[in-house]
Amino acid sequence: MNRLMVSVSGVRGEVPEVLTPRVAEDFGSAFAAMLGPGRTVVLGRDTRKSGPAIRDAVTAGLTAGGVNVVDLGVVSTPGVALMTKHLNADGGVVITASHNPLPYNGIKFLSPQGWSLPAEQGRRLKELWQARRFAPAKVPGEVTSNDQTHQVHVEAVCNVLEVDAIARRRFKVVLDSINGAGIVGSKLLLERLGCELIHINDDPEADFAHRPEPLAENLVGLCEAVRQAGADIGFAQDPDADRLAIVDETGTYIGEEYTLPLTAAFVLRHRRGDLATNLSTSRMMDAVAERFGVRLHRAPVGEANVAARMVQANCVFGGEGNGGVMDPRVVIVRDSFVGMGLMLNYLAETGKTVSALAGELPRYEMIKEKLPCPSGSAEKVLRAVRAALGSRPAARINEEDGIRVDLPDGWVHVRPSNTEPIIRITAEGDPGGPARSIAAEARRIVEKALGT
Ligand code: MG
């Protein structure tokens, strides 16, 4: 994969070959053209070594277009989102390739509310970038800096927690920050919550300590550290600290799909209201909604889509099954900080262990696969899936985003990725096989349609 991936939420590619300084500057210019001169954006970046170069290029484009830039330094994606709102800025820019490996970097754009840019505006930004007709503004924008992000973020998260109740428990917590943007703010938060923190991979100058996606195979070290320390819980962040995975008190990775239903179950104990998630997220969320008698809204995959659905349906909580929780009381962006805080509050309030709370959720088996899919072939693939699986007895079809087929014993969601030339297959079913067989069948259909 070595081409520039341009999606509605931003741009990603390997630096410097694909995501060149020129591309970054042009995206800055395009965002400035969209906002207009005299506006202000906040800008943050993760710990990638290529961050400063991309920051300088984007800033050059923004300021040439007359937009002022408030540089937040190395901060998390939810930190940038919160500061966009906090400083009443007209938009936000995050320089990160999230969970992509080190050679990559990316630029993500946020709305004035701090949300991932809605699809319509994302498309407009892409068009402006493609047209590349950027007139320099009469008055260039100014650059200032602000180092308050971590404090503001921790304060906002603590405002939705019972800080004293958590602190009284003196939880022993192991946190793997993958040498990423979550290091400073998370340490501040967990200390404020009275935790005994064992912080691993907390060197912002070092390269990522393992593959950055918070999946079981990448978190062996965290599991071992939890066991050795006899900790109450282990947390793993991704490099821009929007996603959170949890390890239980036995040192077992419980799966990133658990982060959202566990924290949702805690929130609903106190605030009854609807939930939102995407079409690829576990049925555990349906179970939580049912337990509390609220409705679960399902949106197409993509943070902006879930955020929009949360606002539209006035949801009290939402997020994505990839460990991304969104609490509208903080900011409607995936936020590992609020995820950690809510989870610790859940432990404090119930007096139960992580494994006990996870055991209260229904157990399903989920299979996630991805297959290379040349751009332009997605339609053909989806048609084949619809023809083969949609005709099954009792099949329910949702085509809001790729195709999701619900069958009596499980479901499968086949969708082209927004950020990479791949097709994702997600299937879930009761333990003992249906997810595996549905995923395998979907894979055969996709491969046949692609002629591979
Ligand atoms: Mg991320």
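Just so you know, ligand 1 is whichever comes first in the structure, and atom 1 is the first atom listed for that ligand.
- Looking only at distances, no side-chain donor or acceptor of Ser177 sits under 3.5 Å from a matching main-chain atom of Asn179.
- Residues Val152 and Leu82 approach most closely at O-CD2, 3.8 Å, considering heavy atoms.
- Side chain of Thr252 to main chain of Asp248: no donor-acceptor pair is present (N/O by atom type, distance under 3.5 Å, no hydrogens or angles).
- One N or O on the side chain of Thr259 and one on the backbone of Leu244 form a donor-acceptor pair closer than 3.5 Å.
- Taking distances strictly below 2.8 Å, the protein N/O/S atoms close to the Mg ion (ligand 1) are Ser98 OG, Asp238 OD2, Asp240 OD1, Asp242 OD1.
- With Arg298 as reference, Asp286 is the one residue of Asn398, Thr277, Asp286, Thr281 to meet the side-chain hydrogen bond (donor to acceptor under 3.5 Å, both in side chains) rule.
- In this model, a donor atom of one side chain and an acceptor atom of the other lie less than 3.5 Å apart for Glu349 and His270.
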